[in-house]
Protein chains: 2
Amino acid sequence: MQEKEISQAVIRRMPRYYRYLGDLLDAGVERISSNDLSQRMNVTASQIRQDLNNFGGFGQQGYGYNVKYLHEEIGKILGLNQKHNIIVIGAGNLGQALANYVKFERLGFMIIGLFDVNPALDGVTVRGIRIRMLDELEAFCGEHHIDIAALTMPKEKADAIANRLVGLGIHAIWNFAHVDLELIDKDVVVENVHLSDSLMQLSYNIVKNQREKENSR
Amino acid sequence: MQEKEISQAVIRRMPRYYRYLGDLLDAGVERISSNDLSQRMNVTASQIRQDLNNFGGFGQQGYGYNVKYLHEEIGKILGLNQKHNIIVIGAGNLGQALANYVKFERLGFMIIGLFDVNPALDGVTVRGIRIRMLDELEAFCGEHHIDIAALTMPKEKADAIANRLVGLGIHAIWNFAHVDLELIDKDVVVENVHLSDSLMQLSYNIVKNQREKENSR
DNA sequence: GTCAATGTGTCAAAGATTTAACAACCAATC
DNA sequence: GATTGGTTGTTAAATCTTTGACACATTGAC
């Protein structure tokens, strides 16, 4: 039934296309060729055409791509044509930062709940969103349809909470805790944001750069 | 002079090895085989051996890898044997979240400065780090050796600030702003953390999952 | 309406990454 | 100190990804 599995390498590039097309749209550009776009984005035109063709032919020979249409289509591919409700578990700085990020709402990601265990935070609101205690989780999930749970709490508690959420029917986890979640249900979609890993990668490249400079002297 | 370029695909996996080896170390495990590790990490043993061999032979036939030694060596590869000073530009929730993240310090990443343009934040301290106004940037960078600048401010200002930092001699940028930085110096190392992109990837996989479930009914 | 210019979709080649296979080596036991 | 079992480093094959090339459709100028 599946058309054909599309590699995650391709998927990783789609949000970037979406962003560039959005910028072009804002700038009033009506049409664009893969060649023109490739120069702006610093990738090959071939890659752009190949990537887009995974999802069907959005362009027209001799014309290029209609910016508005392509932007919309990529939006659909990424699921941005539907709203996604998010709850954030862990209302510390990071959790609150996510709640304050207005950009997400424009993409259809609505943060509708914040949870924590710290009684000092009970009832505090962040951009109109009330922080609730974790024991209200079950009731809240019963009342609202939740698509995504963002985990921004210490890693020690991540597995337990994640599986509690899975038990409540949540199918997607945006994981900021620095562990690989071990979930009871293998069908749950997990996207990890491991800031330490990102920092270590940066560090590797710094050291590499240093070595290269030393060697070229 | 360069030994051999190591692909970023390999580098991306190194922090994860580092983390697992750290956990094993804490658990008191002395030695581990690529096979055992591969099962814990859910990758192939072949990949582990191949990855590690990019940097030299850390193991011993018939024995495996010494956990402590390998952990240290990967640390060195990732540049964790030296301290890195970080300044954060943008002392909003995200900037403060980074400043509060104690984990980074244990890896040698020291956040020593926070900068913002909001006068209401002037002089406020986060975990002992004083928030400074952006016009103090030049003086601060003159007094301290800065390795990394983390950009957690709105994307509109990112390019200007980034190039100002590059002008001050900073060679690495940890970019949380949702733009591709256009830098005057191509030798600067940039590591992007695009949370929106990550969320869109998650969204794609949610929609994909939905489709698959529908099709299998 | 014709024709040159443009630019996609697609196929094939090149390149990169991952996996499998195995020889060479070490550890541990007897 | 020989022998068995275990495990690496490394080579080769398989797979996946990216790039290049071009047939063919469409546009726009005249």
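So you know, we letter chains A, B, ... as the sequences are listed, proteins then strands, and number each from 1. No hydrogens, no waters, no symmetry mates; every other heavy atom, side chains included, goes into these values. Not measured: the values here are computed from a predicted model.
The phosphate of dA16(C) has neither OP1 nor OP2 within less than 4.0 Å of any side-chain N or O from Ser7(B). Considering only side-chain N and O atoms, Tyr65(A) lies under 4.0 angstrom from the phosphate OP1 or OP2 of dG9(C). Remark: Asn35(A) is not in phosphate contact with dG7(C), judged by side-chain N or O atoms under 4.0 Å from OP1 or OP2.
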I would like to know whether Leu52(A) and Leu70(A) meet side chain to side chain contact (heavy atoms under 4.5 Å, CB included); could you show each step before the answer? CA-CA 9 Å; Leu52(A) 296 179; Leu70(A) 185 56; 3.9 Å; yes
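His178(B) and Asn192(B) form no side-chain donor-acceptor contact under 3.5 Å, judged by distance and modelled atom types alone.
Counting to the nearest Å, the C1' atom of dT7(D) and the CG atom of Leu52(B) are 13 Å from each other. The distance from atom CD1 of Ile11(B) to atom P of dT17(C) is 11 Å, rounded to the nearest whole Å. As rounded to whole Å, 15 Å separates atom C1' of dT19(D) from atom CG of Asn53(A). Rounded to a whole Å, the CG atom of Asp51(A) is 14 Å from the P atom of dT10(C). What separates CG of Asn54(A) from C1' of dT17(D) is a distance of 11 Å, to the nearest Å. Atom P of nucleotide dT10(C) and atom CZ of Phe58(A) are separated by 12 Å, given to the nearest angstrom. Between Gln39(B) atom CD and dT7(D) atom C1' there is a gap of 14 Å when expressed in whole angstrom units. For the pair Phe55(A) CZ and dG9(C) C1', the interatomic distance rounds to 16 Å; values are reported in whole Å.
Not counting sequence neighbours, His171(B) has no partner by the ring-ring contact (aromatic ring centres under 6.0 Å, His included) test. Glu73(B) is linked by a side-chain hydrogen bond (donor to acceptor under 3.5 Å, both in side chains) to Lys76(B), counting only residues two or more places apart in sequence or in another chain. Arg40(A) is linked by a salt bridge (Lys or Arg N to Asp or Glu O under 4.0 Å) to Asp36(A), counting only residues two or more places apart in sequence or in another chain.
Within the cation-pi definition used here (under 6.0 Å to the ring centroid, within 45° of the axis), Arg31(A) qualifies as a partner of Tyr63(A).
Just one residue in the list Tyr65(B), Tyr18(B), Tyr20(B) forms a ring pair (Phe, Tyr, Trp, His ring centres under 6.0 Å) with His71(B), and that residue is Tyr18(B).
Checked for salt-bridge contact, Glu105(B) and Lys83(B) miss the test: no charged N lies under 4.0 Å from a carboxylate O. Here Arg164(A) pairs with Glu138(A) in a salt bridge; the nearest charged N to carboxylate O distance falls below 4.0 Å. Salt bridge annotation for Arg19(B)-Asp180(A): present, with a cationic side-chain nitrogen under 4.0 angstrom from a carboxylate oxygen.
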Distances under 3.5 Å only, N/O to N/O: pair up the protein atoms with those of nucleotides 23-25 of chain C.
{"from": "dA24(C)", "atom 1": "N3", "to": "Gln61(B)", "atom 2": "NE2", "distance (Å)": "3.3"}
{"from": "dC25(C)", "atom 1": "O4'", "to": "Gln61(B)", "atom 2": "OE1", "distance (Å)": "3.1"}

Just the atom pairs and distances: protein N or O near nucleotides 20-22 of chain D's N or O, under 3.5 Å.
{"from": "dG20(D)", "atom 1": "N7", "to": "Ser46(A)", "atom 2": "OG", "distance (Å)": "2.8"}
{"from": "dG20(D)", "atom 1": "O6", "to": "Ser46(A)", "atom 2": "OG", "distance (Å)": "3.3"}
{"from": "dA21(D)", "atom 1": "N6", "to": "Arg49(A)", "atom 2": "NH2", "distance (Å)": "3.2"}

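The residue among Gln47(A) and Gln60(A) whose nearest nucleotide of DNA chain D is located toward the 5' end is Gln47(A).
Of the residues in residues 12-34 of chain A, those with a non-hydrogen atom less than 4.0 angstrom from any atom of DNA chain D are Arg13(A), Arg31(A).
Here the closest non-hydrogen pair linking Asn205(B) and Val189(A) is CB-CG1, 3.4 Å.
Aromatic ring pairs are classed by plane angle as parallel below 30°, tilted from 30° to 60° and perpendicular above 60°; the pair Phe140(A) and His144(A) is parallel.
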